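Taking it in order: structure first as structure tokens, then the write-up.
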Amino acid sequence: MPELPEVEAMRRGITLAVGSTIRSAKQPKSRYRPIRIDPSWEGVEYGVVGRRIERVERIGKRVLIGLSSNDWLVIQPKMAGMLLAGDPPTPEHVRWQLHCQGASDCTITYWDRRGLGTLAFWSDRQLKERLGPDAIGPDALGIDGERLRTIFGELKRPIKPALMDQVKLAGVGNLYASEILFRCGISPRRRCNRIGKRAWEAIATSTRAILLDAIEQGGSTLRDGTYLMVNGESGGYQEAHQVYGREGLPCPRCGTAVRRIVQAQRSTFFCPQCQVG
DNA sequence: CGTTCAACCTGGGCGC
DNA sequence: TGCGCCCAGGTTGAAC
């Protein structure tokens, strides 16, 4: 599910808990296999209860909750996880909850239908080792053309799967990669080393514009509803999708049927007329 | 280096 | 209704 815009929307939603103290942490009984937790649920519970939430950050597609002990709770929603401040869509998919008290009394609920998401409790040092600049690429929200050219310019890979490489660039996923390339008129199959300086600028500009716009709309909620904002409402950016999930429908710019292809085991959507190879 | 496949999970949608 | 299949916003590790 969530890419940078959805994760950023979650982060913003969860800031309501900043200044509050975690009074209890619960992992409800469930018929489902527990999610992966580093080091363990007991470790998390022991580490967070009694701590104040100092800040809520985002690195790539992860939400980080910074605690008064200088430790971090690291949430990686993967395909179907979400953070909620209210009632979850279904109680059985709640994976863990934090009950907070203070500046505002609230419960942070992590809800994940597929259970692929992960949770980690890391010291500040562990965080810097594992998610520092050496481990993960620069954030896509602040990227510029020169930087993109430096990162990708020599590669022979097609641009679309390259943009999704989190070690090189953090935040762009399958949905937004298609939308970004449509917006700047570049074919998803174009090799990185055959993209010119001007085109890299165009890719950077579309990346920032689309991600910012999507954040403002509260992210994209697809048909299956596996992403909701922290307040439980649907996001709005799906209304703005130009090609993603629109195979066979007319390109909004030229009317040619949108095509779906598979690249690196993921669906790519594009307009064969508007996007030049 | 680049690509492909299988896993990790559950659930929705579709054809029969 | 049921079954089998394909699909899904992510990531990892192994194999070629």
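A note on names: the letters A, B, ... follow the listed sequences, proteins ahead of strands, and every chain is numbered from 1. Remember, predicted model here, so these are calculated numbers, not experimental data.
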Discussion item. With a 4.5 Å cut-off on side-chain heavy atoms, are A:P5 and A:Y176 touching?
Written reply: yes
Worksheet item: Taking atom CD1 of A:I143 and atom CD1 of A:I151, what is their separation to the nearest 0.5 Å?
Response: 4.5 Å
Practice prompt. Using the P atom as the reference point in each nucleotide, state the distance between B:dA6 and C:dC5 in Å, no decimals.
Written response: 15 Å
Practice prompt. Could you run through DNA chain C and flag its stems, i.e. three or more consecutive Watson-Crick or G-U pairs with both distances under 3.5 Å?
Written response: B:2-8 with C:10-16, B:10-16 with C:2-8
Fill in: Integer-rounded Å distance: C:dG10 C1' and A:I75 CD1
16 Å
Practice prompt. Have a look at A:G115 and say if it touches a base, only the backbone sugar-phosphate, or nothing, with a 4.0 Å heavy-atom cut-off.
Written response: nothing
Fill in: Spacing of A:R246 atom CZ relative to C:dG9 atom C1', expressed in whole Å
17 Å
Worksheet item: Looking at side-chain heavy atoms only, is the closest gap between A:E179 and A:V243 below 4.5 Å?
Response: yes
Worksheet item: If we ignore angles and hydrogens, is there a donor and acceptor under 3.5 Å between the side chains of A:Y227 and A:E3?
Response: no
Worksheet item: Can you name the nearest heavy-atom pair linking A:A85 to A:L16, along with the distance?
Response: CB-CD2, 4.1 Å
Item to complete: Could you check how far CG of A:N193 sits from P of B:dC1, rounded to whole Å?
Response: 14 Å
Worksheet item: Are any of A:S267's side-chain N or O atoms less than 4.0 Å away from OP1 or OP2 of C:dA8?
Response: yes
Item to complete: Could I get the full list of salt bridge (Lys or Arg N to Asp or Glu O under 4.0 Å) partners for A:R125, not counting sequence neighbours?
Response: A:E129
Worksheet item: Roughly, in whole Å, what's the span from CZ in A:R260 to C1' in C:dA8?
Response: 11 Å
Worksheet item: Do A:Q97 and A:T109 get their side chains close enough for a donor-acceptor pair, meaning under 3.5 Å?
Response: yes
Worksheet, complete the sentence: A:W111 CH2 to B:dT10 C1', in whole Å, measures 10 Å
Worksheet item: Does some side-chain heavy atom of A:T21 sit less than 4.5 Å from a side-chain heavy atom of A:Q101?
Response: no
Could you run down the sub-3.5 Å N/O contacts of the protein with nucleotides 11-14 of chain C?
from, atom 1, to, atom 2, distance (Å)
C:dT11, OP2, A:K61, NZ, 2.9

Practice prompt. Decide yes or no for A:S20 and A:I53: does some side-chain heavy atom of the first lie under 4.5 Å from some side-chain heavy atom of the second?
Written response: no
Table of protein N/O atoms under 3.5 Å from nucleotides 11-13 of chain B N/O atoms:
from, atom 1, to, atom 2, distance (Å)
B:dG11, OP1, A:Y32, OH, 2.5
B:dG11, OP1, A:H93, NE2, 2.7

Side-chain polar contacts of residues 269-277 of chain A - donor-acceptor pairs under 3.5 angstrom, sequence neighbours left out - could you list them?
from, atom 1, to, atom 2, distance (Å)
A:Q275, OE1, A:C271, N, 2.8
A:Q275, NE2, A:L181, O, 3.2
A:Q275, NE2, A:I186, O, 2.9

Item to complete: Let me know the distance between CD of A:Q238 and P of C:dA8, rounded to the nearest Å.
Response: 17 Å
Item to complete: Please measure how far the P atom in C:dC7 lies from the corresponding atom in B:dT4, and state the result in whole Å.
Response: 16 Å
Worksheet item: Looking only at atom C1', what distance separates B:dC1 and C:dG10, rounded to whole Å?
Response: 23 Å
Worksheet item: Reading nucleotides 2-7 of chain B 5' to 3', which nucleotides get B (base under 4.0 Å from a protein heavy atom), which S (sugar-phosphate only), which -?
Response: SSSB--
Worksheet item: How about A:W122 and A:D38: do any of their side-chain heavy atoms sit closer than 4.5 Å?
Response: yes
Worksheet item: Between A:W96 and A:Y110, how do the two ring planes meet: parallel, tilted or perpendicular, split at 30° and 60°?
Response: parallel
Discussion item. For a quick test of reading the model, state the closest non-hydrogen atom pair linking A:A25 to A:V49 and the distance between them.
Written reply: N-CG2, 3.9 Å
Discussion item. In the structure I gave you, are the side-chain heavy atoms of A:D139 and A:E8 within less than 4.5 Å of one another anywhere?
Written reply: no
